[in-house]
Structure formats: structure tokens, C-alpha cells
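Just so we're clear, the structure is a prediction, and the values are computed from it rather than from any experiment.
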Amino acid sequence: MRREGWIALLVAVAVVAGTARGEGSYSAMSDDAAQAIASAEMVVEQARRAMGEGKACLDRLAPDSERVGEIKSMIVATSKEWDEAVLALDGAKRGATRVSSAATEELANAYSVLAKANAAIARSGANVVKANMAFVEKVAAGATENSLDIAGMSVRDALAASKRARENYERVKRILFEEYKVK
Amino acid sequence: MRRQHVLKVGLVAMAVAVSAFVQVRAADLAGANEVLAEIEGMSVEARTVMAQVAGTGDDAAVVEAVRRAAAVDAALDQAKRAYADMEKAANNGEEEAASAAKAKLDAAAAKAKDALKGDAVPEVDPQTFEAWVESLKHTGGEGNGAGFSGPNMYDQLSESEGFRSLFQKVFDNFQGATAYGGTLGNSPAGDLDATPE
């Protein structure tokens, strides 16, 4: 075979090998994102059920309970967490669908990272809802002040941690946006 | 003429190489932030378990939940330090140091996961534990930026927007969300279009 022939053969082998490796990476990234989304969906579903149970507990609450003001404030904050969780889950799904069709492997990775970060936000938001509903349930059940203090503190800390998780997501998005904006 | 051509090709190759390095760095930092978001999420989950077991009468479960939460937070602190190291190394172009810091970050994530869900309840050093419990007394309320400000937020609520109607609002959101459709367009958390293809 002439020299040009060998070169053409080597290029063809490299292209085929590169394509195969790329497809494998795309698939692994899609799987990672899908796994994160499935996990987030499960927690969102648990939160949805907890809200149904929490609503029933609210009807049993004495209007003059000392904890009513605290619950009111928590519900306002938790409502936002729920909205964020649902939106983030949708964002995770949208990101995941773009992984396999991304033009380059690095862009596919960016969508996978965004999808996973969104799934983490969905999980944390839904977990805050669960914590809040657990608190409501305990107040309605007449739990001791000590245990209500622990539960209330946990909800407040969960809210703070969830906000930090969202800030991390914003950084993920900003870094990737800056990266792809300049190209 | 030929030398000039070689020089041009060399310069283009260098530009491509530098560009590739910058891409890796940005993607790595974004990935590292995603790991941090996951660990923060584990911290939320640990608190959720605490809220769920408090008052159940199962003291052992409460102690276990508190120990797990403390261990997750300890891992989160490690992760934050590793991320800071990674960012610094990346900014200075120290690729090896950045990789080492990323390895520490991943190890902290594994530790957090194990602390939250592992078979063994994590051992927490008594001093660390005391400090953590003390820190709890100063978090979550006003000034922590959690969007929850205790009594002040209660005062801001109008009389007409009663307690049950507020919860109904939450419940309505839930019902609207079961199909995951309709009003999902404008959230920063869900907005992936900021990353143009």
C-alpha cells in the first residue's frame, strides 16, 4: 500500500475509535443524569405525599397554639422551596435530554453537570418540604417542646442549607455560561 | 516560506491546546460546584431526618440522626476547603494542585454520603460535636439568608392571608406541579437556556 493509503487508513481508524469513545462517554453522562433525576423524582413524590398529610394535620391544629406563627413563617419559606424543587426537576429533565444531542462531548458534560445540579436542588427543596411537614405533624400531635425545638431548628437549618445548594447551582450555571459565551 | 507555515501551524496548535486547558478548568470548577450542591443537599436531608425522628420517642434514632447530620456537615466543611483550594489552584494555572484538590472534594462527598446513608453511624469527635450543636443555636433564624426570618415574617403577613389559605397556596402549587408543566418557564433554577449550544 502506498504511503497516502496508510495515512488514510490510520485517520479512518482514529475517527472510528474516537466516535466509539465519544458515544460511550455520552451514554455514561446520560446515565449519571438519569440516575440523579430518578432519585430527585422519588424525593419530590415523598414531599408531595407529606404535603397531603401535613394539610390534614393543619386542620387539627389549635388556632391559639403558640407554634402557629412559627408554622406560618415556615410555610411561606417552604412554599418557595417547593416551587424551586419543581422547577429544578423540570430543568434537570430538560438538561438531561440535551446530553445525548449535544454537539460536542464537553457541551454534553456541561448539560450533564447542569442536570445533576438541578436534581440536587430539587432533592433539597423537596426535603425541606418534608422536614416542614414533619414539624407540622408533630405540633398537631402535641409533641413535647423539646422535640419541637429540635424539629423546628432542623427545618430552619434545612432552609439555610437548601439556599446554599441553590447558590452553588448558580455558580455552576455562571461558570458554564461564561465558558460558552466567549466561543 | 515553509518555516513561516510551520510557525503558523505551531501557533494554532498552541492556541487550541490553551483553549482546551481553559475548557477543562471551567468544566471542572462547574462540576466541583455541582458536587458542593449535592453535599449541601445531603445536609438538608440529614436535617429532614432529624425533624422526622424528633419527638417519636425513639431516643436512639434522634441521637443517630444528630450524629449523622454532624458528620455530614463536617464533610461539607472539608468539601468547601477543598473547593477553595481547587479554585485557587485553577486560577494560578496549577493543574496538579487543582486535581489533588478535586480528589479531596470527591473524597469529602463520599464521606458525606456514607455519613448520611452508611450502615455504620459515624463517630463524631466530642469537641467537634459540641461545637456543631452550639453552632445550631446560631443558624437558621434571622440573618442567615435562608428566607426564613421567624416572627418578622409572621408580622408581614396580611390578616386576610390566613394560615390555612397560605397552606392551600402551597397545596395548589403541588397540584399544579404533578404534571410538571404549565408554569415552569422562568425560574433561574430551571433555566438551562443560559448555556447556548
Neighbour count above 12 (heavy atom, 6.0 Å) for A:Gln35 CD: no

A:Ile175 vs B:Asn33 side-chain heavy atoms within contact, under 4.5 Å: yes

B:Lys80 NZ: over 12 foreign heavy atoms closer than 6.0 Å: yes

Among the listed options A:Ala117, A:Ala143, A:Ala126, the residue most often paired with chain B at heavy-atom distances under 4.5 Å: A:Ala117

Value rounded to 0.5 Å, distance of CD in B:Glu38 from OG in A:Ser124: 11.0 Å

Flag side-chain contact, heavy atom, 4.5 Å: A:Asn168 against B:Glu40: yes

Salt-bridge criterion met for B:Glu45 and A:Arg123 (N-O under 4.0 Å): yes

Joint cluster assignment, B:Val35 & B:Val72, ILVMFWY side-chain distance < 4.5 Å: no

Any donor-acceptor pair under 3.5 Å from A:Ser154 side chain to B:Thr48 backbone: no

Approximate separation, where rounding is to 0.5 Å, of A:Asn127 CG and B:Arg47 CZ: 12.0 Å

Which atom of A:Ala131 lies closest to which atom of B:Ala51, heavy atoms considered: O-CB, 3.9 Å

Heavy-atom pairs under 4.5 Å with chain B, option from A:Ala141, A:Gly125, A:Ala151 with the top count: A:Ala151

Other residues, nucleotides, ligands: >12 heavy atoms within 6.0 Å of B:Lys102 NZ: yes

A:Ser162 versus chain B, the contacting section by heavy-atom distance below 4.5 Å: both

A:Lys138 portion near chain B, given a 4.5 angstrom heavy-atom threshold: side chain

Interatomic distance, B:Leu36 atom CG to A:Arg164 atom CZ [nearest 0.5 angstrom]: 11.0 Å

